[in-house]
Structures are given as C-alpha cells and as structure tokens.
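Before any comments, here is the structure.
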Amino acid sequence: MDKHQVAEVLDEVGTLLELRGENPFKCRAYHAAARLLDGLAGELQPMLESGELARLKGIGEALTLKITELVKTGRLAYYEELRAQFPPGLFDMLGIPGLGPKRVKVIYEKLGIATIGELEYACRENRLVTLDGFGARSQQKVLEGIERIRRNRGRFLFSFAEAESIELHRLIRAHPDVLRSAVAGSVRRRKETTKDIDIVVSAERASGIMEAFTKLPLVETVTGHGETKSSAVLRSGIAADLRVVRDAEFPYALHHLTGSKEHNVAMRARAQRLGLKMNEYGLFRGEELVPCKDEEGLFAALGLDFIPPELREDLGEITGAEARKLPRLVERKDLRGVLHVHSRWSDGIGEIEELARAARKLGYEYLGLTDHSQSAGYANGLSVDRVQAQWREIEAVNARLLTEGLGMVILKGIESDILRDGSLDYPDEVLEGFDLIVGSVHSLFGMPEAEMTARIVKALANPYLTILGHPTGRLLLGRDGYSVDLLRVIDAAAEHGKAIELNANPQRLDLDWRFVRQARERGAKIAIDPDAHTPDGLADVDFGVGTARKGWLEAGDVVNSLNKAEFLAWIAARKTKR
DNA sequence: GCCGTTTTCGGCCCGACTGTTTTCAGTCG
C-alpha cells in the first residue's frame, strides 16, 4: 500500500471513531496522521525501516504499528473491525450540512437509516422530528442539504467562486458603514475548488451591513442571520458567509477566516507556546491585547515572516516563516512567455497572428503555438502536410511582427499525443523541425498505473519532447485523472531536464499544487501554460500562477519566466542532447 | 492517540450560530 492509500484508511478510522463517540483527540490524531502521510515526500517502506516515520511529530507507537501493518499486509484488522460496525452510507450522510458524527449516529441507531436515500424518505415521512434534538427546522435543512449535494456536490471551481466573491465583495464594500473588508477563506488561499465564499468586514456597527447583505438581489436564501455573522446561498448556487468585526479586530479576523483550519490550529498552538492566546478577535497576553495593525503585524508578533495566504495549509509554512526561509513566490508579471496555445488550425478559434498580438498585449515576449497532432482526429489534428503549411504561416507572421518591432515571436510547437507505447505522434524528421513539443496523453485513460507510468516516463526520455502536458488528465469536479505514479514522472522529468506542465485551465489545474511542490523539491521545472483555445483563454494563466504559488514555486522554478533569449537557449540545450 | 526545558499523566484551539431547549449540545470553520 502506498502512503495515500494508508492515509485514506487512517482518515476513515478517525471518522469511524467519531461515529463511535470516542475521545475527539484520539479521532483527531488519526485525521492528522492521514494528512501528514498525504503530504509526505518519499515512500513509506524505507521511512518505516529507518525509523524516520516514527520520529515524525504526530506519529507515535500505536500509529507506527498500524501503518506498518497496512504497508506490509495491505490491511488493518482494527479498521476492518470498526468498519463492520457501521454501514458505508453513513459517510455520505456526514456530507450533509448540519449533520456531524453525533447526529448521524443517532439517525442510524434510532431510525436504522444507513443511506442518503433512506434519509430523504424519512424526512418526507416526517420521521426525523421524532428524534431528541431534532425538530422541523433540522429536518427541512437536511432535505435542502441533500438537494444541494445532488445538484452540484457542494463544490465549485476556483474560477467561478473567485468571480462570485469579487462581485459580492464589491456590493458589500459599497455599504457606508464598512471600514475595511476582504475576501477570505479558501478563495483567498486559491484552493482549486471551494465550498463557499467568506467575506470579512470591519465596522463600528454591524447591524446595517448584515441587513443589507441579506437583502442583496444576489442572495437567494438566507441560511443564518446573527449579530456578527450571516450566511446565505447566492442565486448562482454558491454559499457565502459574511463576518463583521470591530476595526481593531480586523487583522485577527482576516487571518482566522482565511484559514486553513489546520493552519489556524497550528498558529494558535504556537501562540500558546509563546504564552499567548489567539482567536479571531485578537492576540492576547493574559487579558491584554497584543496590538497588530495588519496581518504582517500579527505574524511578526508571533516571530514569523508574513505567510502568503496560498501557503496557509499547515504544510511547513510556519516553520519556514520562523526560519525566514519562505520562498519568494512567483507572480504573473514574472512570466515572459506563454506556451501551449491552440489556433483555428486544430480546435482553437483564433488566427495565429491574432493570438500573437493578444499575447503581446498581456506582456509576453514569445508564444508557443501548439495545435493538436495527427492522431487527434477529434480535434482536427495536423497532418505532416498541414504542419509544414502552418510553419510557413508562422514564418510569415513572425516576419511581419519583426518589421513592426512588436517584440513578439511565435515558436513552432505542437501538442503531440503520447501514444500507447509512449512514442510521439510524428516521425523523428518531422519532430526535429519543431521548436517546442508539449507531449500529452489523450487516449487510453484506463491503463493500469504501471503501464501508464512507463508510457509517460518513456515520452519524457524522448529527446524531442520539451514539456509534459496536463500530467494526470483530471477534470476538476468532473473526472479523476488517470492512474500514474507522479513521483516517478517528476523524477524522470528532472533527470531528462524536461518541464512538467501546470495546465492553468481552471477545470484542470494539473499538475496539482501538492505535486507542484514535490516537483520543485525534486528539481523538475514547471511550465505554467494556459492551454488556450481562444485569445481570451490566454488569461487563464492567472489561475495557474495561483496554483504555482500554492506549490511554493519561485520564478526560477518556472521555465516560461525565462526571457526570450534564455528560453530559446533552454530549448536549444535540449536539442543538443538528441 | 500524541506529547513533554513546568508534565510520563493530563492536557490537547477557540468561538459563533442553530435548534431545541430552559441551560446547552452539536456543528462548523
């Protein structure tokens, strides 16, 4: 069993213990261990043998034994014993807002309900209200929750949530009582998907702002309405929370509501070690407030460098900030080139020249045009003849741009299918003619992991390939990526000096940021690519930059932060290896 | 279940809101 499978089992053990009503700190220990393993670099087996794993904070004697059992045998007797006590449908029920382990347990034990379907039926039959602690309101909320899960599984793409949060923030900020305000939560942290929007506001009086929020035309239903916190579901279907605090409390509240929860827990534990207490209203020594005028001041008061929101996942950022060793995160303006762009030659809708001018307007110096290769019949992929025709057009456009002194050059690229056996989609003499080759898997997604990994590793070893495109093929909220051993892929990319794509399309954001960080640590370069199919699509790069920052990348880790001359030299260096 | 420069036992982050209750448990972030 690999670490992710082990983590999944431990996480479920934690949840099962919650259902059983065990000591919450014991449950937390399992969840924490699962998270720890998920974020681990390297394999479990050697770390177990060397004792390295047992030395990790949060892994003690009991967990070491259980992890060992899982790695060695692929099973865990303790887990199976627990799982036999509860039907699997209870896990789905935990996804309904308002239902936690305690109430799910009651529903199961008193009514014998074990699936969401049965629960829905029971609500309609008015049976939930018979339980202690449940009433008509709870029953109605459960029904609404089930409906919401059915509608959209309760999560939204970052691109959607960001746009909604900007609009909502604009409306709230316009209220005359608002002093300071910000979008917080997972949107501020630039998570790839998000459940809701969090907005935090400071004001001397909260009531007027609360009232105005709940009456916004954008708001469909108000799900909570307190003195300082209100919740609503917007017409677009996404939920939003508004929190109002006094102005002196704003930095603490902004930090608190930005999260992540795990980051906050670790920060409060740090405060406690320093003899302080931290909550959303302040940082306190005894009764006395430690004044901070902004988030920078708050981090400084805890002996830390400022931690950019993207890094706040409790994955080492606090230790990094303490040691003054956080990376200087890449920004959009660091990027000099835009790669992986489709034109009307395959399945895009822009002319080559139009795309080049749009890219220049966004500040880029070079554009890697990469239409689909000949196997991609579905996307009007380029035959060898059409490749050569396209090269002639690129040369003509480049000549025009040069005369104009526009400072933009188009590179002759291709998005070549990686075929079943790991080879690229043209004979070598054609591949030789490209400046840039993005290799992507577009077929046979169902391959077993070992085969898929070998297929991709072989493509990375091909001297003609420049960049591995969307390395898992996932579609967020749509389809899981194909099975592939990403660490082996990353190592192969590092070994052959190839870049791995961070596909910036908001539905992909593939490579995932957790692995972006692994790539950086293992010495593989990243290319932040829009995979644009229209001139407007070039702007998707912004989403990729957010994900890159979440993966701790600096400009130096990103190949398209090289200027034109440097990038051409990087490409040329790859060619000489042929 | 984990952890320890006060501790090997007794802590473990903290508060708002809801719904159902007469004082609070459960959920959520």
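Keep in mind that this is a model prediction, so the values were computed, not measured. Below, chains carry the letters A, B, ... as their sequence lines are ordered, and counting in each starts from 1.
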Looking across every strand, which nucleic acid part, if any, lies under 4.0 Å from A:Ala62 by heavy atom: base, sugar-phosphate, or nothing?
-> sugar-phosphate

What nucleotide among B:dC13, B:dC17, B:dC28 has an atom nearest to a side-chain atom of A:Val265?
-> B:dC13

So what does A:Gly224 touch, heavy atoms closer than 4.0 Å: a base, only the sugar-phosphate, or nothing?
-> sugar-phosphate

Pick base, sugar-phosphate or nothing for A:Met267, based on heavy-atom distances below 4.0 Å to the nucleic acid.
-> nothing

Rounded to whole Å, the CD-C1' distance (A:Glu61 to B:dT8) equals 12 Å

Within this structure, what is the CD-to-C1' distance between A:Glu313 and B:dG29, rounded to whole angstrom?
-> 13 Å

For A:Ala136, report the nucleic acid contact type (base, sugar-phosphate, nothing); a contact means any heavy atom under 4.0 Å.
-> sugar-phosphate

Report which part of the nucleic acid A:Lys105 touches: base, sugar-phosphate, or nothing (heavy-atom distance under 4.0 Å, all strands).
-> nothing

Check: A:Glu288 side chain, A:Arg285 main-chain N or O, donor-acceptor pair, under 3.5 Å = no

Please measure how far the P atom in B:dG29 lies from the corresponding atom in B:dC12, and state the result in whole Å.
-> 24 Å

Between B:dC2, B:dG26, B:dC13, which nucleotide has the shortest distance from any of its atoms to the side chain of A:Lys102?
-> B:dG26

So what does A:Leu257 hit on the nucleic acid, given a heavy-atom distance under 4.0 Å: a base, only sugar-phosphate, or nothing?
-> nothing

Whole-Å P distance, B:dC2 and B:dT7 = 22 Å

Distance in angstrom units between A:Phe25 CZ and B:dC3 C1', rounded | 13 Å

Closest nucleotide among B:dG19, B:dC17, B:dC28 to the A:Ser138 side chain = B:dG19

Quote, to the nearest angstrom, the C1' distance that separates B:dT20 from B:dG26.
-> 11 Å

Pair A:Arg188, A:Thr258: side-chain N/O donor-acceptor within cut-off below 3.5 Å = yes

A:Lys195 side chain to A:Arg155 backbone, donor-acceptor under 3.5 Å = no

Paired to B:dT8 by Watson-Crick or G-U wobble criteria (both distances under 3.5 Å) is none

If you check every side-chain atom of A:Lys195, which of B:dA16, B:dC13, B:dC28 has the closest atom?
-> B:dC28

Where the side chain of A:Arg137 is concerned, which of B:dC13, B:dG1, B:dT20 is the nearest nucleotide?
-> B:dT20

Side-chain donor/acceptor contact of A:Asn23 with base of B:dG1 under 3.5 Å = yes

How far, in whole Å, is B:dA25 from B:dT21 if one measures between their P atoms?
-> 14 Å

Please check the phosphate of B:dC17 (OP1 and OP2 only) for any side-chain N or O of A:Ser231 closer than 4.0 Å.
-> no

Considering only the C1' atoms, how many Å lie between B:dG1 and B:dT5, rounded to the nearest integer?
-> 24 Å

Rounded distance (Å) that lies between atom P of B:dT6 and atom CD of A:Gln272 = 14 Å

Any side-chain heavy atom of A:Val6 within less than 4.5 Å of one from A:Val71?
-> yes

OP1 or OP2 of B:dC17 under 4.0 Å from side-chain N/O of A:Lys141 = no

Scan A:Leu56 against the nucleic acid and name what it touches under 4.0 Å (heavy atoms): base, sugar-phosphate only, or nothing.
-> sugar-phosphate

Does a nitrogen or oxygen in the side chain of A:Asn264 sit under 4.0 Å from OP1 or OP2 of B:dC13?
-> no

Separation between the P atoms of B:dG15 and B:dT8, rounded to whole Å = 28 Å

Does a nitrogen or oxygen in the side chain of A:Lys261 sit under 4.0 Å from OP1 or OP2 of B:dG29?
-> no

Given B:dG26, is OP1 or OP2 found less than 4.0 Å from the side-chain N or O atoms of A:Arg103?
-> no

Rounded to the nearest Å, what distance is computed from the CZ atom of residue A:Phe284 to the C1' atom of nucleotide B:dC13?
-> 14 Å

Name the closest nucleotide to the A:Arg268 side chain, picking from B:dG15, B:dC13, B:dA16.
-> B:dC13

Candidate pair A:His263 and A:His256, rule ring-ring contact (aromatic ring centres under 6.0 Å, His included), full reasoning = CA-CA 9 Å; A:His263 168 87; A:His256 176 85; over 10 Å; no

Please state the P separation for the pair B:dC13 and B:dT18 - nearest whole angstrom.
-> 26 Å

Does A:Tyr30 make a side-chain N or O approach to OP1 or OP2 of B:dC2 shorter than 4.0 Å?
-> no

Base, sugar-phosphate, or nothing for A:Leu17, non-hydrogen atoms under 4.0 angstrom?
-> nothing

Going by the angle between their ring planes, with limits at 30° and 60°, are A:His4 and A:Phe515 parallel, tilted or perpendicular?
-> tilted

For A:Val104 and for A:Glu280, find the nucleotide of DNA chain B with the closest heavy atom, then tell me which residue's nucleotide is more 5'.
-> A:Glu280

Taking for each residue the nucleotide of DNA chain B bearing the nearest heavy atom, is the 5' side occupied by A:Phe134 or by A:Ser230?
-> A:Ser230

Looking across every strand, which nucleic acid part, if any, lies under 4.0 Å from A:Arg28 by heavy atom: base, sugar-phosphate, or nothing?
-> base

Would you classify A:Pro97 as touching base, sugar-phosphate or nothing, given that sugar-phosphate means primed atoms plus P, OP1 and OP2, and contacts are heavy atoms under 4.0 Å?
-> sugar-phosphate

How many Å lie between NZ on A:Lys26 and P on B:dG1, as a whole number?
-> 4 Å

Just how far, in rounded Å, is C1' of B:dC12 from NZ of A:Lys57?
-> 10 Å

Student check: side-chain heavy atoms of A:Phe156 and A:Ser236 closer than 4.5 Å | no

A:Leu131 near the nucleic acid: base, sugar-phosphate alone, or nothing, with a heavy-atom cut-off under 4.0 Å?
-> nothing

Carefully, step by step, assess A:Asp198 and A:Arg243 under the rule salt bridge (Lys or Arg N to Asp or Glu O under 4.0 Å).
-> CA-CA 8 Å; A:Asp198 293 285; A:Arg243 186 70 172 269; over 6 Å; no

Assigned glycosidic conformation for B:dT22 [threshold 90° from 0] = anti

Whole-Å distance separating the NE2 atom of A:His31 from the C1' atom of B:dC28 | 14 Å

Stepwise ring-ring contact (aromatic ring centres under 6.0 Å, His included) test for A:Phe306 and A:Phe299 | CA-CA 6 Å; A:Phe306 178 76; A:Phe299 284 112; 5.6 Å; yes

